[in-house]
Amino acid sequence: MGLVLDEEQTILKDSAKAFFADQAPVTAFRKLRDEKDETGFSRELWRAMAEMGWAGIVIPEAYGGLEYGFQGLALVLEEQGRTLAASPLVSTVLLGAGTLMEAGSEAQKSALLPKIAEGSLLLTVAIDEGHHFNPAQTAFEAKSDSDGFILTGEKTFVLDGHVADKIIVLARTSGNKGDREGLTLFLVEGTAEGLTRERLKMLDSRNAALLMFDQVKVTGDAVIGAIGGGYDALESVLDRAAIGLAAEMLGSASAVFEMTLDYLKERRQFGQLIGSFQSLQHRAADMFTQLELSKSIVMTAATALDESSNEISSLASLAKAFVGETSNKVTREGIQMHGGIGMTDEHDVGLYLKRSRVAEHTFGSAAYHRDRYARLNDY
Amino acid sequence: MGLVLDEEQTILKDSAKAFFADQAPVTAFRKLRDEKDETGFSRELWRAMAEMGWAGIVIPEAYGGLEYGFQGLALVLEEQGRTLAASPLVSTVLLGAGTLMEAGSEAQKSALLPKIAEGSLLLTVAIDEGHHFNPAQTAFEAKSDSDGFILTGEKTFVLDGHVADKIIVLARTSGNKGDREGLTLFLVEGTAEGLTRERLKMLDSRNAALLMFDQVKVTGDAVIGAIGGGYDALESVLDRAAIGLAAEMLGSASAVFEMTLDYLKERRQFGQLIGSFQSLQHRAADMFTQLELSKSIVMTAATALDESSNEISSLASLAKAFVGETSNKVTREGIQMHGGIGMTDEHDVGLYLKRSRVAEHTFGSAAYHRDRYARLNDY
Amino acid sequence: MSNLDIFREEVRAWLAENCPPSMRTPMGNDEDVVWGGRKAKYENPEARLWLDRMGAKGWTAPTWPKEYGGGGLTKEEAAVLGQELGRIDARPALASFGLWMLGPVLLEYGTEEQKKEHLPPIVRGEIRWCQGYSEPGAGSDLAGLQTRAVLEGEDYVINGQKVWTSYADKADAIFCLVRTDTSTKHEGISFLLIDMDQPGVTTKPIKLISGNSPFCETFLDDARTPARNLIGRLNGGWEIAKKLLQHERTNISAGGFGAGGRAAALEELAKEYLGTDRGEIADAVKRDQVVRHKMLERAFAQTLKRMSAETKAGEVSPASSIIKYVAAEMNKDRMELLVEIMGLQALGWSGDYFSKQGLATTRAMLRSKANSIEGGTTEVNLNVIAKRVLGLRDHQ
Amino acid sequence: MSNLDIFREEVRAWLAENCPPSMRTPMGNDEDVVWGGRKAKYENPEARLWLDRMGAKGWTAPTWPKEYGGGGLTKEEAAVLGQELGRIDARPALASFGLWMLGPVLLEYGTEEQKKEHLPPIVRGEIRWCQGYSEPGAGSDLAGLQTRAVLEGEDYVINGQKVWTSYADKADAIFCLVRTDTSTKHEGISFLLIDMDQPGVTTKPIKLISGNSPFCETFLDDARTPARNLIGRLNGGWEIAKKLLQHERTNISAGGFGAGGRAAALEELAKEYLGTDRGEIADAVKRDQVVRHKMLERAFAQTLKRMSAETKAGEVSPASSIIKYVAAEMNKDRMELLVEIMGLQALGWSGDYFSKQGLATTRAMLRSKANSIEGGTTEVNLNVIAKRVLGLRDHQ
C-alpha cells in the first residue's frame with residue numbers, strides 16, 4: 001500500500017470490512033464466548049475467509065495462493081480486528097505458512113501450503129514457555145535418537161494449539177537456555193502420541209493452548225530448516241507476525257475509538273453532550289493523534305515486508321510497541337469515557353480491552369520490543 | 001511540624017514569608033542577575049537572615065545556634081524558594097554546618113559553628129566532578145605527605161564555591177573511583193595557595209563554581225571525621241540537603257502555580273477567562289494534586305530529620321525525586337499556560353523554570369533518587 | 001483509674017465473655033461478611049450469636065443514642081471499644097449500608113418517629129438496606145434523575161429504574177432519590193424509603209467485565225411506600241444526596257482500593273516474575289516503574305495522614321479533594337503495571353493453569369477500571385478541585 | 001530529450017556560470033542568511049551578487065508569473081531548479097516573509113496594481129517584509145485584535161500595538177491585520193500594508209527566556225498608509241489571516257523544530273554522557289526513554305510522508321491536523337530529555353566551562369517551550385482536531 005492505498009487495496013479493504021461486518025460482527029464473537037465454544041472460532045467463517053482467498057493471500061501462486069502480499073494481509077487483519085473476529089489467520093497463516101515459506105523444504109511447502117491456502121489445514125507455532133515472550137530462552141528439549149528426535153517438555157500460549165492439525169515446535173537441540181544458536185523447528189502432528197493439549201481459558205476468550213509433550217517421537221523429515229538454525233528463521237516469521245498483529249490491534253483500537261466518539265456525541269450529562277466538555281475533547285484529539293501515528297507505522301511496516309526492506313525487524317518492533325501502547329491507552333480511555341455502562345459485560349468496549357491486553361503480550365510486549373528496537377539500532 | 005504546623009511553626013512560616021516578600025522579592029534576584037553581581041547573592045540579605053536566627057536555626061545552642069531543628073529550616077527554605085531569594089543557606093548551613101555537625105571534631109565545631117550561626121562565615125562542600133551527581137565516583141585525589149595532605153584535581157558545581165570562606169572537599173585517600181570506602185573530607189581555606197576558583201554562569205543565574213586544586217597543601221587538622229569514612233558522613237549530610245532543597249523547590253513550584261492560577265483568572269481569549277476552559281481546569285487540578293502530595297512528603301521528611309527516624313535516607317530520595325518531578329511539570333505548565341508572555345525574559349515564570357532545572361539536578365536528579373530509593377528498599 | 005480505663009476493663013471483660021472464638025479468626029472470604037437482614041443465612045451460628053449480642057448492646061452503632069438502639073458511647077469510649085475489638089482481632093459483627101449511610105441521614109434529617117421506626121432494626125441487623133441513586137441516564141449527574149414518585153392518597157407510587165444498586169438482590173429495603181417535581185432539576189428531588197418486598201420492585205444482577213458483581217439494576221413499577229417514609233422535606237433530597245456522596249467518596253478512597261496492603265507487594269511480584277540481578281528487580285525499566293508507583297503510594301499515604309491530622313486540628317483540608325482522584329488513578333495504574341509484570345499469568349480468565357493470584361490480578365485489573373467512575377468520576381473530581389478549591393469558574 | 005531535460009541542462013549551465021563559489025559552501029550561522037531589504041548589509045559581496053542574479057531571473061520565486069517578476073516556471077521546472085540548486089549545495093539566494101507569506105496572499109487577493117507594485121521588489125529582495133498579527137491582548141484569539149485603522153482622506157491612520165513581529169526591527173514594511181470595524185469581531189478585520197519608514201512606527205526587540213530573539217514589539221502611533229494598500233475587501237481580512245496561519249503552521253512543523261536532523265542524535269549524546277555497557281546506553285531507564293522518543297520521531301516522520309502522499313493523491317489528509325501538535329510536544333520532550341541526559345553540561349548559561357553543544361542545548365530547551373505556543377497553541381490545535389476533524393461540538 002505504501003502510505004496511501006491504491007485502487008485494488010481500497011477494494012480489498014472495503015470488501016474485508018463488509019465481510020466481517022456481515023459474517024463476523026462482534027455479536028458473533030460474543031456468542032462463541034458465551035456458548036463456551038470449544039474450537040474458539042467458527043470453522044464456517046474460516047472456510048468463507050479461505051474462499052475470499054485470504055488464507056492464501058501471502059502464499060505464492062505456485063502453491064495455490066494469491067501471492068498478493070503482506071500489505072493485503074495487513075488490511076484483512078485490520079478489518080478482522082475491527083470486529084474482534086476470531087479466526088486462525090494469525091496462527092495458521094502468519095505463523096504456520098510464514099515458517100514454511102521462510103524455512104520449509106520444497107517437499108514441505110508443496111505438501112502443506114496448498115492445503116493452508118484452501119483453508120483445510122490448521123497450523124501453528126509453539127514458542128512460549130514462560131510468563132513473558134522470549135524465544136531465545138527456550139529450554140524445551142529435542143533429543144536426537146536413531147529414528148529422529150524425541151520431544152519432551154511444555155509449550156504454553158500456543159495460538160490455536162488445541163485445534164491445529166499440525167504444530168511447529170521450537171526446541172533446543174544444543175546449547176543452553178539463552179543461546180540463539182542450537183534451536184530447531186519441528187513439525188509435529190496435532191494427534192501425535194505423547195502430546196496432550198489443553199485449551200487455556202484466556203482473558204480475551206480467544207484461542208491459546210498448553211501443550212505437554214511426553215516423549216513425542218518425530219522423524220528427521222519433521223525438521224524445518226537447518227538444525228540449530230531455528231531462531232534465525234523464526235525471527236523473520238515473528239517480525240511478520242508482529243506487524244500483522246499490530247495491524248489487527250490497530251483495527252480494534254480504531255473501533256474502540258469510533259464507538260467512544262459516537263458515545264461522546266450521544267450521551268448527555270449535566271444537560272450537555274459529554275463530547276462538548278473540553279477535557280474530553282482534548283483527550284479524544286490525543287487518541288486520534290496516537291491512532292494516526294500508529295496507522296503510518298503499520299502501513300510503513302507492511303509495505304517494508306513486501307519490499308523486503310532491510311528495516312523490517314526495526315519496523316516490526318516499532319509497530320508492535322507503538323500500536324501496543326496506543327491500544328492500551330485507547331481501551332483505557334474507551335472504558336472511562338463510557339462510564340458505568342462501559343464496565344458492564346454486555347457492552348462491547350470491555351471485550352476490546354480484554355483482547356487488547358492479550359494481544360499486547362502476544363509476540364512480545366511493548367517493553368520487549370522497545371528493548372529490541374534499541375538493540376537493532378545500536379542504542 | 002509533623003503533618004500540621006504548630007503555632008510556633010506557623011509564626012515562623014508567616015514571618016519568613018513576610019521577610020522574603022519584603023527583603024528579597026523576585027525583583028531583587030532579577031536585579032542581581034541583570035547587574036551581573038559577582039557575589040551572586042546579597043550579603044546584606046544574608047546578614048538580615050542571620051539576625052532572624054536562620055543561619056543558626058539547626059545549630060545547637062551550645063555553638064550559638066537556635067537549635068530549632070530541620071522542620072524550621074525547611075519552612076524558611078520553602079519561603080526562600082517562593083521568591084527565588086538567593087542566599088548561602090543551602091551551601092553554608094545545609095552542607096557546611098551540616099557536615100561539621102555530622103562529623104566535625106569538637107575543636108572544629110567550636111571554631112566554626114558559632115561563626116556560621118552569626119552569619120560571618122561562608123562554608124560549602126565540594127563534591128561533584130562530572131556531568132551527573134555521583135559522590136561514590138569521586139576520583140579527586142588527596143595524597144598524604146609528612147605534613148598532612150596534598151590535594152590535586154577539579155571540583156565542579158560547588159555551590160557558592162567562589163565566595164565561600166572555607167570549602168570542605170570530598171577527596172579520595174584510598175581505593176578506586178566507584179568505591180564508597182576511601183573517601184575523606186578536608187577543610188580548605190578559600191584563599192589557599194594553589195586553589196583557583198571560577199564562578200560558573202549557570203542557567204539559573206545562581207551560584208556555583210569550578211574549583212581547581214593544584215597541589216593545595218593541608219595539615220592533618222584539616223580532616224573532618226575519619227580518614228576513609230567521608231562517604232558515610234557525607235551521605236547523612238546529603239540526605240538533609242536533599243530534603244532542604246526539596247522544601248525550597250516546593251516553595252518555588254507553589255509560587256509558579258499561584259501565579260499561573262492568577263493568570264488563568266485574569267487572561268481572556270475567545271471572549272472567556274482562560275481559566276474557564278475545562279482542559280486547563282483539569283490540568284490545574286492535576287498540578288494542585290501533585291503539589292499537595294509533594295507537601296505531604298516534604299513535611300514527613302523534615303519531621304523525620306528532627307526525629308532521627310531510620311527512614312531518613314528513603315524519605316530524602318522520595319522528596320528529592322517526587323518534588324523534582326512536580327517542579328519540572330509545574331514549571332512546564334506554568335510557561336504553557338502563560339503563553340507568549342511567559343516566554344519573555346521580563347516575566348518571572350521563566351526564572352522559576354531555570355531555577356527548577358538546576359535544582360532538579362543538584363544533589364542528584366529524580367532518576368538518581370528513584371534508583372537510590374529502590375536500593376534502599378531492596379527493590 | 002480514669003472513667004475511660006474503667007470502661008476499657010468492662011469492655012474487655014464483656015468481649016472475653018461474649019465474642020465467640022470463631023469470630024476472633026480472620027475472615028476467609030466475602031461470604032464471611034455478615035450483612036444481616038430478613039433473608040440472611042448464617043453458615044456459622046456463632047456469626048449470628050455475635051451479631052445478636054453486639055446488636056443488643058447497641059455496639060454495632062456505638063455512638064448512636066441509646067433511645068434508637070445505639071450504644072450511646074462518647075467518641076472516646078467508641079475509640080476504646082474499637083481498640084479492644086482490634087486487640088482480639090474480632091470480626092465486625094455487622095456490615096451494613098444502614099449503619100454507614102442511612103443511619104447518619106436519619107439522625108440528621110429524620111423525624112422522631114422515623115428514627116424510632118428505622119434505627120433500631122439497623123443496629124440489630126434486622127433490615128438490610130441498599131441505596132438507589134444512579135439511573136441509566138443519570139450517572140455523574142444526579143440532577144438528571146427520572147424515577148418519579150407521585151403521591152396517591154397515603155402512599156407514594158414510584159416508577160423508574162435504578163442502576164448500580166449494590167446488593168439490591170439481597171436487600172430488604174432501599175433508600176432512594178426520586179423525582180417529586182419535574183418542573184425543576186435539583187430542587188425536585190426527594191429522599192424516600194421503600195420496602196422491597198412487594199411485586200412492584202424487581203432486581204437484576206449486573207455482570208461486569210471482571211465477572212459477577214454485587215451491583216444490580218432495580219426496577220420500580222408502581223412500587224408503593226407510605227408517605228411517612230419521605231425523609232427530610234419534600235423536594236429537599238438534593239442536600240441529603242450531596243452529603244451522602246461526599247461521605248461515600250471519602251469512604252471508598254480511604255479504605256477501599258487505596259494504597260497497598262491488600263494485595264501482594266508490587267516489588268515482590270516484580271522480583272518473582274522478572275527475576276533478580278544482584279538482589280534487584282532484573283528489569284531496570286520495570287524497576288523504575290515500580291519505584292515510581294511505590295513513591296506515589298507513600299506520598300498518598302502521607303497525604304491521608306496529613307488530611308486526618310488537619311481535620312483533627314480543626315483545619316479545612318484542601319488535600320481531601322484530591323484523595324478519591326489519586327486513589328482511583330493510582331490503583332488503575334498499579335493493576336496495569338502488575339499485568340505487565342506478571343505477563344501471561346495475569347492474562348487468564350479461569351482454569352487450573354493460572355495461579356490463584358494470577359486470576360485474581362486479571363479480575364482486579366478489570367474491576368479497577370471502575371475506580372475512576374464509581375462514587376464520582378475522575379472528571380467530576382477534577383471539576384470539583386478546579387472550581388471549589390482553586391476558584392476557577394465556568395464560561396460566563 | 002524531453003523539454004524538462006533541456007531545461008535542466010540550461011539551468012545547470014546557468015548555475016555553473018552564475019552561482020558564486022562562496023555561495024556553494026554551507027552557511028556558517030544565522031548571519032549568513034540573506035533577507036534583503038533597504039537596510040541589508042552584505043559582509044560577503046558574492047551574497048549580494050547571487051541575490052541580484054537570481055532575482056533578475058525571477059528564480060527566487062520560480063513559479064510566480066513573469067509579469068510580476070517571477071520565474072514563470074511550471075511546477076515541474078521549479079522542481080528541476082530545486083534539484084539542480086541542491087546538487088551544487090547552493091545557498092538560498094533570499095529568505096523572505098514577502099516570498100513565503102505576503103506574495104501568495106497578493107497573488108490570490110491583490111488587484112493588478114497591487115501585484116505590479118509589490119511583487120517585483122519582493123522577488124528581487126528590495127523590500128523586506130514582516131508580519132503583524134498578534135497583539136498583547138490577542139494571542140491565540142485573533143478576533144480580539146484592537147489595533148485600529150481609520151480612513152482619513154486618502155490614508156488609513158493606524159493606532160495600536162503588535163507583538164511577536166519577527167525581525168520587525170530590520171524590516172522595511174509590515175503586512176498587518178487591523179480592525180476597521182469595531183461593531184463585530186471576525187468581520188471587522190482588514191489586511192493592510194504599511195511602510196515602516198515613518199515616525200509613527202517604532203519597534204522594540206523582545207528578549208526571551210532563551211536570550212535574544214528575532215521577535216519585536218511594534219508600536220503604531222498615528223502611522224499612515226495610502227488606502228490603496230488595503231488587500232482584499234474591507235473587513236475581509238479574517239479569511240486571508242486564516243489561510244496564512246494554516247500555511248504558517250504547516251511550515252513551522254514540517255520544516256521547523258520537527259524530527260531530528262538538526263541537532264546531534266539523542267542516542268549518541270546518551271552514550272557520551274551516560275556511558276555504555278556492552279555498546280548499549282548504560283542507563284537502562286534513560287535508554288528506554290531514548291527509544292520511546294526515537295519511535296515517536298519515526299512515527300512522526302512516516303506520518304509526514306503519508307500526509308504528503310495523501311495530498312499528492314488528492315485525498316484530504318486528516319493526519320495534517322496533528323502535525324503541529326505532535327512536532328511541538330515532541331521537540332519539547334526531546335529537549336528536556338537531552339538536558340536530563342547531559343546534566344550539568346546543559347545547565348550552563350554562558351562561559352568557557354560549558355561546551356558549545358551544552359550551551360546550545362540549554363538555550364534550545366528554553367526556546368522549545370514556545371513551540372507549543374507560537375503559530376497556534378497546542379490547546380488550539382487540540383480544539384481544532386476535536387471540532388473540525390472529530391466533529392465534537394461546543395456546549396449548546
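- Residue-environment remark: CZ (D:R393) stays at or below the threshold of 12 foreign heavy atoms within 6.0 Å.
- Most heavy-atom pairs under 4.5 Å with chain B: of the set D:M365, D:K286, D:R363, this distinction falls to D:M365.
- Residues B:L353 and D:L366 meet the side-chain proximity criterion, which asks for heavy atoms closer than 4.5 Å.
- For B:D34, the CG atom is densely surrounded, since the number of other residues' heavy atoms within 6.0 Å is greater than 12.
- Contact of B:I335 with chain D is made through backbone and side chain together, with heavy-atom distances under 4.5 Å.
- Residue contact with chain D, scored on non-hydrogen atoms closer than 4.5 Å, is absent for B:L351.
- No other option in B:E198, B:M343, B:R268 has as many heavy-atom pairs under 4.5 Å with chain D as B:M343.
- Residue B:Q137 qualifies as enclosed at atom CD: its count of foreign heavy atoms under 6.0 Å is above 12.
- Heavy atoms closer than 4.5 Å to chain B are found in the backbone of D:I341, but not in its side chain.
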Give the C-alpha distance, both sets of side-chain angles, the deciding distance and a yes or no for side chain to side chain contact (heavy atoms under 4.5 Å, CB included) between B:K201 and D:Y353.
CA-CA 9 Å; B:K201 300 211 166 56; D:Y353 175 76; over 6 Å; no

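- When heavy atoms are compared at a cutoff of 4.5 Å, D:V285 does not approach chain B at all.
- In this structure, chain D has a heavy atom under 4.5 Å from the side chain of B:N328, while its backbone stays farther away.
- Atom-to-atom distance recorded for B:H361:NE2 and D:L347:CG is 5.5 Å, nearest 0.5 angstrom.
- B:K354 places no side-chain N or O within donor-acceptor distance of the main-chain N or O of D:S210, the cut-off being under 3.5 Å.
- Only the side chain of D:F354 comes within less than 4.5 Å of a heavy atom in chain B; its backbone stays farther off.
- With rounding to the nearest 0.5 angstrom, the CD atom of B:E129 is 12.5 Å from the CG atom of D:L344.
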Starting from the C-alpha separation in whole Å, work towards a yes-or-no answer on salt bridge (Lys or Arg N to Asp or Glu O under 4.0 Å) for B:R283 and D:E379.
CA-CA 12 Å; B:R283 283 155 55 188; D:E379 289 76 12; 2.9 Å; yes

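- D:I206 touches chain B through its side chain: at least one heavy atom from C-beta onward sits under 4.5 Å away, while N, CA, C and O do not.
- To the nearest 0.5 Å, atom OG1 of residue D:T361 and atom CG of residue B:L203 are 11.5 Å apart.
- More than 12 heavy atoms of other residues, nucleotides or ligands shown are found within 6.0 angstrom of NZ on B:K265.
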Quick one: do D:D141 and B:R267 satisfy salt bridge (Lys or Arg N to Asp or Glu O under 4.0 Å)? Show the steps, please.
CA-CA 12 Å; D:D141 176 22; B:R267 167 79 168 174; over 6 Å; no

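- Counted within 6.0 Å of CD on B:E258, heavy atoms from surrounding residues, nucleotides or ligands total more than 12; the atom is thus considered enclosed.
- Here the shortest heavy-atom pairing between D:E340 and B:H132 reads O-CE1, 3.1 Å.
- Looking at D:A370, both its backbone and its side chain come within 4.5 Å of chain B, counting heavy atoms on both sides.
- Here D:N383 contributes atom CG and B:F277 contributes atom CZ; the two are 7.5 Å apart, rounded to the nearest 0.5 Å.
- Taking CG from D:L274 and NE2 from B:H131, the interatomic distance works out to 9.5 Å, rounded to the nearest 0.5 Å.
- Residue contact with chain B, scored on non-hydrogen atoms closer than 4.5 Å, is absent for D:S134.
- Using a 4.5 Å cut-off between heavy atoms, D:S350 contacts chain B through both its backbone and its side chain.
- Using a 4.5 Å cut-off between heavy atoms, B:R332 touches chain D through its side chain atoms alone.
- Only the side chain of D:E336 comes within contact range of chain B, with at least one heavy atom under 4.5 Å from a heavy atom of that chain.
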Check against side-chain hydrogen bond (donor to acceptor under 3.5 Å, both in side chains), D:S372 and B:Q336:
CA-CA 7 Å; D:S372 47; B:Q336 179 67 21; 2.5 Å; yes

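- The distance from the CD atom of D:E217 to the OG1 atom of B:T344 is 8.5 Å, given to the nearest 0.5 Å.
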